[in-house]
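Read the structure below first, then the notes.
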Amino acid sequence: MARQIKEIIFQDCPIRNILSRICGKWQLVIIYTLKNSGNTRFSALLKKIPDISSKVLISSLRSLEADGLVSRKIYPEVPPKVEYMLTPRAMTFIPVFENLVNWSLDNMTGIMKDRAEYDKAKMA
């Protein structure tokens, strides 16, 4: 009962609803790759993100496409040529994303140090 109430209350929460999809394991990497590559074919994305599987890349691209962050253009060729690109909506996210990247770079050393100290203290 409490879980059902929580789901109803948080169903339209933008943090839970939107950011949980954008901040998945691969979505930010895909957005970053497309931002730096422009229109990109699926095979090129696989090469640029070598530790992602085809299945996960397809799923992640579909999720980003469903949210209006990635579009795909299909060329009438044999075999079909498909290119993925960021949408205007995704481009409005880029400044937010760049701020997050810069914050991460600025704080990584301190965070890694804190993690090591935390782990060391837990083992003592």
Side-chain angles (χ1 to χ4, degrees):
M1 175 89 158
R3 182 178 178 164
Q4 289 175 332
I5 292 170
K6 228 180 202 181
E7 288 176 4
I8 291 168
I9 292 171
F10 293 115
Q11 178 180 346
D12 295 324
C13 174
I15 293 168
R16 186 174 191 179
N17 192 321
I18 305 301
L19 293 182
S20 66
R21 286 178 59 136
I22 291 174
C23 296
K25 182 174 181 178
W26 294 107
Q27 282 77 352
L28 291 177
V29 174
I30 293 167
I31 289 170
Y32 179 81
T33 303
L34 288 173
K35 172 195 167 288
N36 292 321
S37 304
N39 297 4
T40 308
R41 295 183 71 170
F42 182 84
S43 59
L45 280 172
L46 270 176
K47 287 178 186 171
K48 291 177 189 231
I49 311 170
D51 47 344
I52 192 171
S53 69
S54 292
K55 181 179 177 182
V56 171
L57 180 57
I58 289 168
S59 174
S60 299
L61 285 167
R62 285 181 182 160
S63 174
L64 289 166
E65 187 178 5
D67 289 344
L69 298 171
V70 167
S71 64
R72 66 186 168 118
K73 183 173 182 180
I74 303 170
Y75 295 89
E77 300 175 4
V78 177
K81 175 183 172 183
V82 179
E83 288 183 337
Y84 294 89
M85 64 228 60
L86 295 180
T87 64
R89 177 178 295 143
M91 296 308 291
T92 67
F93 177 67
I94 295 302
V96 175
F97 177 72
E98 287 175 341
N99 282 334
L100 178 61
V101 168
N102 289 333
W103 182 89
S104 299
L105 293 171
D106 290 344
N107 289 281
M108 184 173 175
T109 302
I111 288 171
M112 298 308 284
K113 180 179 171 252
D114 290 342
R115 283 182 188 172
E117 289 175 7
Y118 177 84
D119 289 343
K120 186 178 179 181
K122 279 191 81 166
M123 291 193 157

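Note that this is a predicted model, so its numbers are computed, not measured.
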Distance in Å, Leu28 CG paired with Phe93 CZ, rounded so as to fall on 0.5 Å steps: 5.5 Å
All pairs passing salt bridge (charged side-chain N to carboxylate O under 4.0 Å, His left out) where residues 79-88 contributes a residue, at least two apart: Lys81-Glu83
Non-neighbouring partners of Asp51 that pass side-chain contact (heavy atoms from CB on, under 4.5 Å), sequence neighbours left out: Trp26, Ile49
Show which side-chain atoms of residues 94-110 pair as donor or acceptor with protein atoms under 3.5 Å away, not counting sequence neighbours.
| from | atom 1 | to | atom 2 | distance (Å) |
| --- | --- | --- | --- | --- |
| Glu98 | OE2 | Lys35 | NZ | 3.4 |
| Asn99 | ND2 | Pro95 | O | 3.4 |
| Asn102 | ND2 | Glu98 | O | 3.2 |
| Ser104 | OG | Leu100 | O | 2.9 |
| Asn107 | ND2 | Trp103 | O | 2.9 |

side-chain hydrogen bond (donor to acceptor under 3.5 Å, both in side chains) involving Glu117 - partner list, sequence neighbours excluded: Lys113
With Asp67 via side-chain hydrogen bond (donor to acceptor under 3.5 Å, both in side chains) - residues at least two apart: Arg21
Qualifying residue, where the test is side-chain contact (heavy atoms from CB on, under 4.5 Å) with Thr33 and the options are Leu86, Leu45, Ile52: Leu45
Check against side-chain contact (heavy atoms from CB on, under 4.5 Å), Ile30 and Tyr84: CA-CA 10 Å; Ile30 293 167; Tyr84 294 89; over 6 Å; no
Contacts of Tyr118 that satisfy side-chain contact (heavy atoms from CB on, under 4.5 Å) - sequence neighbours left out: Lys122
Spacing of OG belonging to Ser60 relative to CD belonging to Glu65, to within rounding of 0.5 Å: 12.5 Å
Those residues that, when tested against Ser54, pass side-chain hydrogen bond (donor to acceptor under 3.5 Å, both in side chains) (two or more places apart): none
side-chain contact (heavy atoms from CB on, under 4.5 Å) partners for Arg62, two or more places apart: Ile58
With Thr40 via side-chain hydrogen bond (donor to acceptor under 3.5 Å, both in side chains) - residues at least two apart: none
Single-linkage hydrophobic cluster Met85~Leu46, side-chain heavy atoms < 4.5 angstrom: no
From Met91 atom CE to Leu34 atom CG, the distance as rounded to the nearest 0.5 Å: 10.5 Å
Counterpart residues, side-chain contact (heavy atoms from CB on, under 4.5 Å), relative to Thr87 (two or more places apart): Ser71, Arg89, Ala90
